[in-house]
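Below, all heavy atoms of this structure are taken into account, side chains as well, without hydrogens, waters or symmetry copies. Naming: A, B, ... by sequence-line order, numbering from 1 per chain.
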Amino acid sequence: MTMPDSAPSNFIQDLITEDIKTGKYEGRVHTRFPPEPNGYLHIGHAKSICLNFGIAKKFTGLCNLRFDDTNPTKEEVEYVESIREDVRWMGFDWEDRMYFASDYFEQMYQYAVQLIKAGKAYVCDLTADEIRQYRGTLTAPGKESLYRNRSVEESLNLFERMRAGEFPDGSRTLRARIDMSSGNINMRDPVMYRILHAEHHRTGTKWCIYPMYDYAHCISDSIEGITHSICTLEFEDHRPLYDWFLDQLDIYHPRQIEFARLNLSYTIMSKRKFIQLVDGGHVRGWDDPRMPTISGLRRRGYTPEAIRNLCERIGVAKRDSVVDMALLEYCIREDLNKKARRVMAVLKPLKVVIINYPEGTTEELDAINNPEDPGMGMRKVPFSRVLYIEREDFREAPPKQFFRLAPGREVRLRYAYYITCVNVVKDTDGEITELHCTYDPATRGGDSPDGRKVKATLHWVSAAQAVEAEVRLYDYLFLNPDPEEVEEGKDFRFGINPNSLETLTTCKLEPALADATPGERYQFERTGYFCVDTDSSMEKPVFNRIVTLKDTWAKIEKGRKEERS
RNA sequence: UGGGGAGUCGUCCAACGGCAGGACGGCAGACUCUGGAUCUGCUUAUAGGGGUUCGAAUCCUCUCUCCCCAGCCA
């Protein structure tokens, strides 16, 4: 795994460096990645993963994987499995340090008893509704619960019986006794434990009371000897509570540091909305290649290297920000440019007959597998009288700056010959069905001995040997860079891109692709990077377009279209 | 109108009292058997007003704007 030392520093590293200098935590650095196993990880989590594991590595410290599983009604083993897989795939190793907050339930219970004894916590019989009313508002202080001053003995007794299962869900809570008039609502006697007669994916039915995040998280960090507990901005005003519990308990006290979560243009990053996309049939599942989930990106063909690189490039700060999707695309192109084998594939085929090429003849031409890496070698590509080229590569009436094939024009077929279009064949509807071209035998391999130049080089596939395939072209899931920005009264689904998936079923691939296996990535020359989908089979290969190549001509055309409208 | 945060190129991140810099994007150009890659150049920013200072993005002050918080979710 590479995490170059050139990785730019950030304010968190600065704080840690300072802590090391002053001898806080004896110079140790120990972080954790603490997902709740209630859904699949997305690229926003990737930022946190890279940050936490990256910092540990940079300071030769450790990073734990810890599941924050304090809410049995939402959490499932299925998610812990997928999270483990995703973190591992991202290239990080927690070694033997995979923990669960639920591992610490007994200790948390004991600490809670301790807080009750110290008069710092009490059992409250208010209903959820009453608690809400008593909490006050953003501008008005709260009211103290009438149970706030009940005796330590009574609270102790009640808390014990809560654990024993004597009370129904929601009937009582354990609350911290802090300050109902605090400007910080989190400090208005927050709930520490609630009664939940629910089966937990790890502890089964052992518990019917479960700790709340604020109480569980700081204690988990403390138990694991975490030095720097890195979380997102919305927890900033929970920090006083984090500190309060640890101070009251007088136990080892990590430092919480908050950073801005990742947002990406043209996509969303919320579990709730992912579910709406999946349930609404807008995507095919959590691992749909259009989803910003790690599993979606993986299926799409993104590499861990590219995602890690993105995380490094975007930096870490406290300001809310939206990273341009173009940067993610840059990262995957950069990675795949070095690694992906080049191959020819015609997505939207147009038949070409080389009328002066002998019938029934096939020859093998040499092609380079990766011009960026000569070590990847060469391959043979069959050439014959009938070929396919890309429909887009021919224009009967070529516009200005269109260099590709047109009537009477000569272009190069990559690694093959120069050809000239001599005739356009159409059907009764006027649709072009095939092209007749002549080739120049002297240009075999793609160079002309007389030194004449052509302005375009086209990719092509020999018809007789072509492999048929399905190719899925993806576009952004949303039309607007900010999916939240929709018409008054409409929700984010109104902005879904209806054309985020285009399925092509008649694609022609060069025979080298016949035995491509799921997960393999290729560059289809001139069109983009593609990855063999998990739906793929020998009978019917399926490819996902990971990202297009930069396309100057497409940009020119797009510019013209916009000028006209 | 309570509390907590944040404001630097279009976007993201630097600059920690001393020439506002990098990356992506965009725009030009060079090169090219991928209109790819590569290379070169250009473009554009310190929210606003006061103050301190030889010197302010940075320190002080006032104002403005944006984000988060009223789950027995995390």
Select from A:K550 and A:N10 the residue whose nearest nucleotide in RNA chain B is closer to the 5' end of that strand. A:N10

Round to the nearest Å and state the distance from A:E334 atom CD to B:G25 atom C1'. 15 Å

Tell me what A:R414 touches on the nucleic acid: a base, only sugar-phosphate, or nothing, going by heavy atoms under 4.0 Å. base

Less than 6.0 angstrom from the centroid, inside 45 degrees of the normal: does A:R66 satisfy that with respect to the ring of A:Y99? no

Could you say whether A:K318 or A:R444 is positioned toward the 5' end of RNA chain B, judged by the nucleotide with the nearest heavy atom to each? A:K318

Output the rounded distance in Å from NZ (A:K21) to P (B:C16). 14 Å

Would you kindly check whether a donor in the side chain of A:D237 faces an acceptor in the base of B:G3, or vice versa, at under 3.5 angstrom? yes

Quick check: any donor-acceptor pair below 3.5 Å linking the side-chain of A:D14 to the base of B:C16? yes

Is there a side-chain contact between A:S321 and the phosphate of B:C13, meaning an N or O under 4.0 Å from OP1 or OP2? yes

Any base atoms under 4.0 Å from A:I131, or only sugar-phosphate, or nothing? Heavy atoms, all strands. base

What's A:R412 touching, base or sugar-phosphate or nothing? Going by heavy atoms closer than 4.0 Å. base

A:T70 side chain near B:A74 phosphate (N/O to OP1/OP2, under 4.0 Å): yes

Mutual orientation of the aromatic rings belonging to A:W286 and A:Y40 [parallel < 30°, tilted 30-60°, perpendicular > 60°]: tilted

Using a heavy-atom cut-off of under 4.0 Å over every strand shown, decide if A:E329 touches base, sugar-phosphate, or nothing. nothing

Would B:G71 be called syn or anti, given that syn covers angles within 90° of 0? syn

Which label fits A:H42 and A:F274: parallel for a plane angle under 30°, tilted from 30 to 60°, or perpendicular past 60°? perpendicular

Write down the distance between OH (A:Y522) and P (B:G36), rounded to a whole number of angstrom. 24 Å

Look at the side-chain N and O atoms of A:R194 and state whether any lies under 4.0 Å from the OP1 or OP2 oxygen of B:A74. yes

Quick one: is A:R261 getting a side-chain N or O under 4.0 Å of the B:C12 phosphate, OP1 or OP2? no

A:R404 vs B:G35: side-chain N/O to OP1/OP2 distance below 4.0 Å: no

Could you label the plane-to-plane angle of the A:F159 and A:Y109 rings as parallel, tilted or perpendicular, counting under 30° as parallel and over 60° as perpendicular? parallel

Any side-chain N or O of A:Y213 under 4.0 Å from OP1/OP2 of B:C73? no

